[in-house]
Amino acid sequence: MTYHSGSRAIQDRVGVRDLADHVGRSVGQGIRPVVAAFLELQPMLVVGAAVPEGGTEGDRDPGTAGGGVWASLLTGEPGFVRATGARQISVAGGLAAGDPLTAALTTPGTAVGTIALDPRTRRRMRLNGRVRPTPRGFAVEADQVFANCPKYLQKRQMYETVTGRTAGVARRGSELTPFQREFVEAADTFFLATVHAHGADASHRGGNPGFVHVDTPGELSWPDYPGNSMFLTLGNLAADPRAGLLFLDWTSGTALQLTGTARTEFTPDGERTVRFTLAEAVETSAASPLRWSPPAYSPANP
């Protein structure tokens, strides 16, 4: 099933159901050779999921029921993410100690969304499915595999792995600090994890620095730019408002993870704004060993 009722409601409101049906034909379950080759070149993968709490809520699938939704970063030498079956990827290694999604990735059957984004080529691939712990890390059995266009992706020509860079102790809070506010408002990219009754998704949002606004220490907002008309993310939020955001410092490796709830506001002229209410923030210095070159901003950025 490509679309659930939440996505359909947004598509109908915007008037793009027919276009969404056309685009949705590109979503499959199989991992084609070109996808497998792309994944093996990547030094990073973002995963999104809900923290499991061992029960069901209403008609939610046990794979998504539970606590907050988070987006987390995994890194490794190219090849740490590989296709190991017609519908399966395997990831070597795991999350940093204390990462909010550790329990999710070690609980068989948890619904996860993943996105592999390559700033060098402005390509991205999304794979959503169910997790299975393995001796070397974890595997994901795919339910959805699809690519997105390069819109709003900033190009970063190269990266280096910084030897000896060690992740700091995670700093937790219920409001953004002044440093975190500046960090968010300077961002040109973030990752967004959402869930629905039977699955999860991880996506990308990009724009020129300042496109994400910190309205208060506990509230963020950003414009929802025109995209592929599928409305998977906004559809998920219509069905389940829980969301997880991940901001990266592409030079220092600092990661800022936020969990909370989000809603979409529509204006009569067709513009959309997503408003996020923060429940918890986790800041980790040097979370990524990767140091990327400065960005060339996407020509699609408003």
For [X] against [Y], the heavy-atom pair lying closest together:
X    : Y    : answer
A83  : I31  : CB-CG2, 3.9 Å
T110 : A50  : CG2-O, 4.3 Å
L105 : P133 : O-CG, 3.9 Å

Does [atom1] in [X] sit with more than 12 non-hydrogen atoms of other residues, nucleotides or ligands closer than 6.0 Å?
X    : atom1 : value
R136 : CZ    : no
R172 : CZ    : yes
R181 : CZ    : yes
H213 : NE2   : yes

Salt bridge between [X] and [Y], side-chain N to carboxylate O under 4.0 Å?
X    : Y    : result
R275 : E265 : yes
R123 : D118 : no
E160 : R291 : yes
D21  : R8   : yes

Where does the angle between the aromatic ring planes of F211 and F190 fall among parallel (under 30°), tilted (30 to 60°) and perpendicular (over 60°)?
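Plane angle under 30°, so parallel.
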Using the ring of each side chain (for Trp, its six-membered ring), is W292 parallel, tilted or perpendicular to W250, with breaks at 30° and 60°?
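W292 vs W250 ring planes: perpendicular.
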Flag side-chain contact, heavy atom, 4.5 Å: [X] against [Y]:
X    : Y    : value
S7   : L232 : yes
M44  : L117 : no
V274 : L234 : yes

Just by distance, with hydrogens left out, do D249 and T254 show a side-chain donor and acceptor under 3.5 Å apart?
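Side chains of D249 and T254: no pair found under 3.5 Å.
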Checking N208 against Q154: is there a side-chain donor and acceptor pair closer than 3.5 Å?
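N208 and Q154 do not have a side-chain donor-acceptor pair below 3.5 Å.
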Going by the side chain to side chain contact (heavy atoms under 4.5 Å, CB included) test, name the single residue among L95, V47, V46 that passes it with L73.
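Between L73 and the candidates, side chain to side chain contact (heavy atoms under 4.5 Å, CB included) is satisfied uniquely by V46.
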Are [X] and [Y] in one and the same hydrophobic cluster, where Ile, Leu, Val, Met, Phe, Trp and Tyr link if side-chain heavy atoms are under 4.5 Å apart?
X    : Y    : answer
V51  : V112 : yes
L74  : V162 : no
F191 : V195 : no
L153 : L290 : yes

Would S90 and Q88 count as a side chain to side chain contact (heavy atoms under 4.5 Å, CB included) if you check the C-alpha gap in whole Å, the side-chain angles of each, and the deciding distance to 0.1 Å?
CA-CA 7 Å; S90 295; Q88 178 179 281; 3.7 Å; yes
